[in-house]
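Just so you know, these numbers use all the heavy atoms, side chains as well, and skip hydrogens, waters and symmetry mates. First the proteins, then the strands, lettered A, B, ... as listed; each starts at 1.
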4 protein chains.
Amino acid sequence: MAGRQRGVDKRRAILDAAAPIFGTQGYERASVDAIATAAGVSKPTIYSYFGGKENLFRESVADSAVEQNGDALRVLQTLDVSPERWQASLFEVGVKLVECQRSSCSMFLYRTIAAESARDPEIYRTVREKAGDPILDALTGRLAMLGNAGLLQVADPALAARQFFALINAQIPELTENGTRPAADDVVRRAVQAGVRTFLLAHGVPDPQPPASTSVSQAAHPLAS
Amino acid sequence: MAGRQRGVDKRRAILDAAAPIFGTQGYERASVDAIATAAGVSKPTIYSYFGGKENLFRESVADSAVEQNGDALRVLQTLDVSPERWQASLFEVGVKLVECQRSSCSMFLYRTIAAESARDPEIYRTVREKAGDPILDALTGRLAMLGNAGLLQVADPALAARQFFALINAQIPELTENGTRPAADDVVRRAVQAGVRTFLLAHGVPDPQPPASTSVSQAAHPLAS
Amino acid sequence: MAGRQRGVDKRRAILDAAAPIFGTQGYERASVDAIATAAGVSKPTIYSYFGGKENLFRESVADSAVEQNGDALRVLQTLDVSPERWQASLFEVGVKLVECQRSSCSMFLYRTIAAESARDPEIYRTVREKAGDPILDALTGRLAMLGNAGLLQVADPALAARQFFALINAQIPELTENGTRPAADDVVRRAVQAGVRTFLLAHGVPDPQPPASTSVSQAAHPLAS
Amino acid sequence: MAGRQRGVDKRRAILDAAAPIFGTQGYERASVDAIATAAGVSKPTIYSYFGGKENLFRESVADSAVEQNGDALRVLQTLDVSPERWQASLFEVGVKLVECQRSSCSMFLYRTIAAESARDPEIYRTVREKAGDPILDALTGRLAMLGNAGLLQVADPALAARQFFALINAQIPELTENGTRPAADDVVRRAVQAGVRTFLLAHGVPDPQPPASTSVSQAAHPLAS
DNA sequence: TATGAATGAGTATTCATTCAT
DNA sequence: CATGAATGAATACTCATTCAT
């Protein structure tokens with residue numbers, strides 16, 4: 001009991017230590033030594049749990065993906081599809097999705113996929129399977145409901161889901177300098193709302209307005225400042 | 001003179017050799033030895049021209065960025081803003097932009113920025129300055145012209161330009177498994193056209209149609225196959 | 001009792017597992033883990049029985065030595081010193097001694113002594129004490145009997161015993177490529193008989209002949225083929 | 001010129017440092033670091049010259065073999081086959097051959113072959129080709145000359161050569177405790193002479209006597225002391 | 001200027017050994 | 001007594017970088 005408990009704890013400690021190190025330094029630069037130290041275990045323990053650096057990396061990616069998946073799914077469950085609140089809720093969900101994508105765990109995933117999928121294409125598939133597809137599927141379902149309710153003109157909900165993500169993220173990289181610089185929350189919020197607004201315009205909503213009182217048009221172009 | 005000429009040649013040879021190696025292997029995995037061999041020079045020559053690996057990397061990124069910039073600008077110059085052809089031309093420009101983003105040189109940039117900008121944020125700024133901003137500015141100008149001509153409802157051309165790029169790329173990563181797998185040209189074409197169509201819908205065009213006879217709606221969802 | 005019985009069993013299982021692993025892989029390359037797995041016990045059990053790798057090794061060597069000793073002594077006991085049969089018997093004993101030296105257990109000893117005696121000279125002494133000297137003494141006694149019976153001119157039986165072993169092994173390493181390649185039994189047999197024949201010639205037997213009908217002179221030089 | 005010269009020097013320095021370390025510690029225990037330090041070069045230099053530990057080992061073995069070969073051939077060239085001196089010369093050559101086999105370089109080879117040929121059978125073949133066979137061939141030729149001159153009854157000179165080596169070495173391992181202990185020169189000398197004497201007795205020489213005045217029979221059994 | 005040769009620093013990995021259970 | 005879990009120490013190997021030529 002205790003033995004197994006301890007084992008589980010160490011496994012978690014290693015994964016928790018590995019994710020930010022891999023995320024900030026990349027696969028090559030990240031050293032097993034550094035991960036072991038950060039996790040408070042010795043190097044051979046890592047090897048006994050994960051077999052090697054490559055496998056530790058894959059399991060770390062998969063672990064981050066499921067965590068990211070859970071966060072995003074929880075956000076999507078808050079989407080209110082009632083005729084009165086669905087627009088305001090969609091704005092809020094967009095903002096929250098981007099927020100949870102900007103979490104360190106998620107930035108780790110984003111960078112990692114881009115950087116290492118050339119070396120190991122399996123990684124992209126893993127992440128899509130564990131995090132990408134479930135989230136897209138969930139959003140696809142919600143958009144289909146809105147379409148069926150006649151609130152949204154959505155011929156292809158799966159395509160719409162992908163475009164929704166593309167639009168809410170359209171300005172994020174330049175606002176955060178690709179995740180290397182923190183950005184003010186309200187700046188990000190307005191950038192996301194601009195994306196949601198365009199999404200709604202493209203799907204038959206005449207003049208969508210974000211719920212809060214701040215004007216979208218003023219903040220839509222934050223690079224100008 | 002001959003000396004300078006030869007020097008220029010070597011510099012170019014090194015940059016030409018470095019880009020694909022950095023692009024496919026990443027900064028850490030790429031060895032200066034391999035680049036020197038591929039360029040047909042010796043290692044100290046690289047050091048005398050570029051000072052070190054880090055700087056060679058930066059100059060390689062900047063070099064790729066200007067090349068990428070030139071390609072995209074040439075594409076944008078083909079955009080026909082005449083009332084009769086602007087829609088079809090926008091569809092074509094979208095397809096061509098994605099094509100030139102999928103070139104190996106550009107994939108190199110994309111991966112590199114994602115992978116290494118945490119380590120060296122300067123890289124992101126360099127690429128945006130040399131490639132990102134000029135392209136966005138050029139597209140912004142064209143969209144403003146279409147707006148002024150009353151063809152497109154575009155309140156914020158700079159925002160519209162960013163959203164245009166986001167939409168035409170919305171499905172590309174999953175179609176190409178993040179650039180690791182070749183995708184059929186017509187599949188990519190339809191995915192891009194779906195993005196352009198949404199862009200036009202959001203900006204006041206009632207029922208935009210891609211120029212070729214292939215139906216967008218059928219192919220808008222290529223993952224289903 | 002049961003406890004002690006089980007303990008003895010485990011001790012034997014460990015020794016039986018250790019000998020071939022040490023013999024084929026050498027002291028350094030052999031891992032305690034591999035021996036524990038092969039013996040069906042856990043690593044700490046090995047430490048509790050033998051204290052450490054070095055001591056396990058010594059005990060394994062000593063164990064193999066006594067086994068080897070028993071085999072060789074049994075062979076020597078079959079030496080017939082009767083005036084009618086002693087020659088044929090000596091040929092047969094030579095062949096059997098080489099056969100039992102070529103057993104895997106013995107090859108292990110041979111390699112081990114050569115390889116590790118520089119690191120731990122105690123090993124050579126152990127093996128000589130447990131296996132070498134008893135065998136030489138036994139052969140010395142037999143040769144002395146033959147000398148006393150006037151069948152063999154042997155001024156120094158102890159020296160003769162050593163030379164007997166040297167001669168029957170003279171060609172074995174090259175025939176078996178130092179034990180790494182199996183050699184046909186009859187080829188080995190003729191090589192050994194050539195050694196016995198020279199031994200007999202040196203000790204006053206005019207024209208010794210091996211018992212079987214195969215001609216020694218034809219096969220004395222197997223490398224020529 | 002100088003560069004190459006230096007290169008040759010370093011190669012030799014590495015080989016000279018490697019042989020005793022491999023010889024005393026064995027392949028596994030010998031560390032590349034130790035060899036580099038002993039040779040006065042850095043580790044990467046060893047890798048650039050030899051590619052890796054395994055290849056350094058093979059080249060070290062081959063190098064020792066050719067050195068050993070040269071020494072032994074020089075000794076064999078001193079063998080006087082004249083009717084007056086051939087017996088005394090054969091005694092002397094036997095002693096000198098054992099002496100050069102007891103050199104550190106040769107002990108290295110002997111241990112190495114025994115220890116590592118199971119892991120890499122190529123090693124045995126290399127040594128036999130570079131050192132064993134040439135020496136045996138040279139001795140075979142000399143013995144054939146003695147046979148043709150009617151001085152020695154040698155039906156099979158190649159076999160005789162192998163038996164000559166076996167007999168002169170018959171007592172050496174126990175005298176030197178397998179090379180781990182120095183032995184007095186005159187003790188070794190008498191042991192070798194005992195082997196030569198037996199060889200001569202077996203090949204038709206009635207009562208061979210070693211050249212020096214020391215009695216062989218007294219010293220033939222040094223283990224008794 | 002261009003280079004072959006050399007190196008110091010750093011990494012993944014393995015293994016004998018020891019506790020806590 | 002037997003063991004799963006953990007570790008400190010050690011090793012082969014690589015690479016960016018720099019001289020001497």
Side-chain angles (χ1 to χ4, degrees), chain A residues 1-11 28-36 40-54 56, chain B residues 2-4 6-7 10 27-36 40-57, chain C residues 2-4 6-7 10 27-36 40-57, chain D residues 1-7 9-11 27-36 40-54 56:
Chain A
M1 200 161 64
R4 179 163 185 178
Q5 182 61 29
R6 195 163 51 191
V8 168
D9 287 353
K10 295 226 167 172
R11 188 186 167 83
E28 293 292 339
R29 220 179 189 81
S31 86
V32 179
D33 249 321
I35 294 172
V41 302
S42 77
K43 235 183 325 184
T45 301
I46 291 186
Y47 279 84
S48 106
Y49 273 88
F50 294 94
K53 190 186 186 184
E54 179 69 33
L56 169 61
Chain B
R4 179 161 183 180
R6 201 161 44 192
K10 293 216 172 176
Y27 177 77
E28 291 293 337
R29 229 180 182 77
S31 86
V32 179
D33 248 322
I35 294 171
V41 301
S42 78
K43 239 187 315 186
T45 301
I46 290 187
Y47 278 82
S48 92
Y49 273 90
F50 293 94
K53 189 187 187 184
E54 179 68 34
N55 199 57
L56 168 61
F57 179 67
Chain C
R4 177 162 185 178
R6 200 161 46 193
K10 292 215 171 176
Y27 177 77
E28 292 293 336
R29 228 178 182 81
S31 87
V32 179
D33 248 321
I35 294 171
V41 301
S42 77
K43 240 186 317 185
T45 301
I46 290 185
Y47 279 82
S48 91
Y49 274 89
F50 293 93
K53 188 186 188 185
E54 180 68 34
N55 199 57
L56 168 60
F57 179 67
Chain D
M1 201 161 65
R4 179 160 185 181
Q5 182 61 33
R6 195 162 51 191
D9 287 353
K10 294 226 167 170
R11 188 185 167 84
Y27 178 78
E28 293 292 339
R29 220 178 189 81
S31 86
V32 179
D33 250 322
I35 295 172
V41 302
S42 75
K43 229 185 325 184
T45 301
I46 290 185
Y47 279 85
S48 109
Y49 274 89
F50 294 94
K53 190 185 186 184
E54 179 69 33
L56 168 60

Distance, nearest 0.5 Å, that separates CD1 of Ile46(B) from CG of Asn55(B): 12.0 Å
Test item: side-chain donor near acceptor, Thr45(D) and Ser42(D), under 3.5 Å: yes
Sugar-phosphate only, base, or nothing, as touched by Ala30(C) at under 4.0 Å among non-hydrogen atoms: sugar-phosphate
5' priority, DNA chain F, between Gly40(C) and Glu54(B) [closest heavy atom]: Gly40(C)
Sugar-phosphate only, base, or nothing, as touched by Ala34(D) at under 4.0 Å among non-hydrogen atoms: nothing
Given DNA chain E, 5'-ward residue of the pair Ser48(D) and Val32(C), judged by closest heavy atom: Ser48(D)
Length of the CZ-P vector between Arg11(A) and dA5(F), whole Å: 13 Å
Nearest-angstrom distance from the residue atom CD1 of Ile35(D) to P of dA12(F): 8 Å
Separation of dT11(E) P from Leu56(A) CG (nearest whole Å): 15 Å
Which nucleotide in dT17(E), dT13(E), dA6(F) has an atom nearest any side-chain atom of Lys53(C): dT17(E)
Proximity to the side chain of Tyr47(D) - top-ranked nucleotide from dT13(E), dC13(F), dG8(F): dC13(F)
Nearest-nucleotide pick for Lys43(C), side chain only, options being dT7(F), dA2(E), dT17(E): dT17(E)
Interatomic distance, Asp33(D) CG vs dA10(F) P [rounded to whole Å]: 12 Å
dA6(E) phosphate, OP1 or OP2, under 4.0 Å from Tyr49(D) side-chain N/O: yes
Euclidean distance, Lys53(D) NZ relative to Lys43(D) NZ, rounded to 0.5 Å: 11.0 Å
Nearest-nucleotide comparison on DNA chain F, the residue closer to the 5′ end among Pro44(A) and Pro44(D): Pro44(A)
Thr45(A) vs dA6(F): side-chain N/O to OP1/OP2 distance below 4.0 Å: no
Sugar-phosphate only, base, or nothing, as touched by Ser31(C) at under 4.0 Å among non-hydrogen atoms: sugar-phosphate
Canonical and wobble pairing (Watson-Crick, G-U, under 3.5 Å) of DNA chain E, dot-bracket with |: .||||||||||||||||||||
Between CD on residue Glu54(D) and OH on residue Tyr27(D), distance to nearest 0.5 Å: 4.0 Å
Atom pair distance, as rounded to whole Å: CD1 in Ile46(C) and P in dC1(F): 17 Å
Protein-nucleotide distance (Lys10(A), atom NZ; dA5(F), atom P), rounded to Å: 11 Å
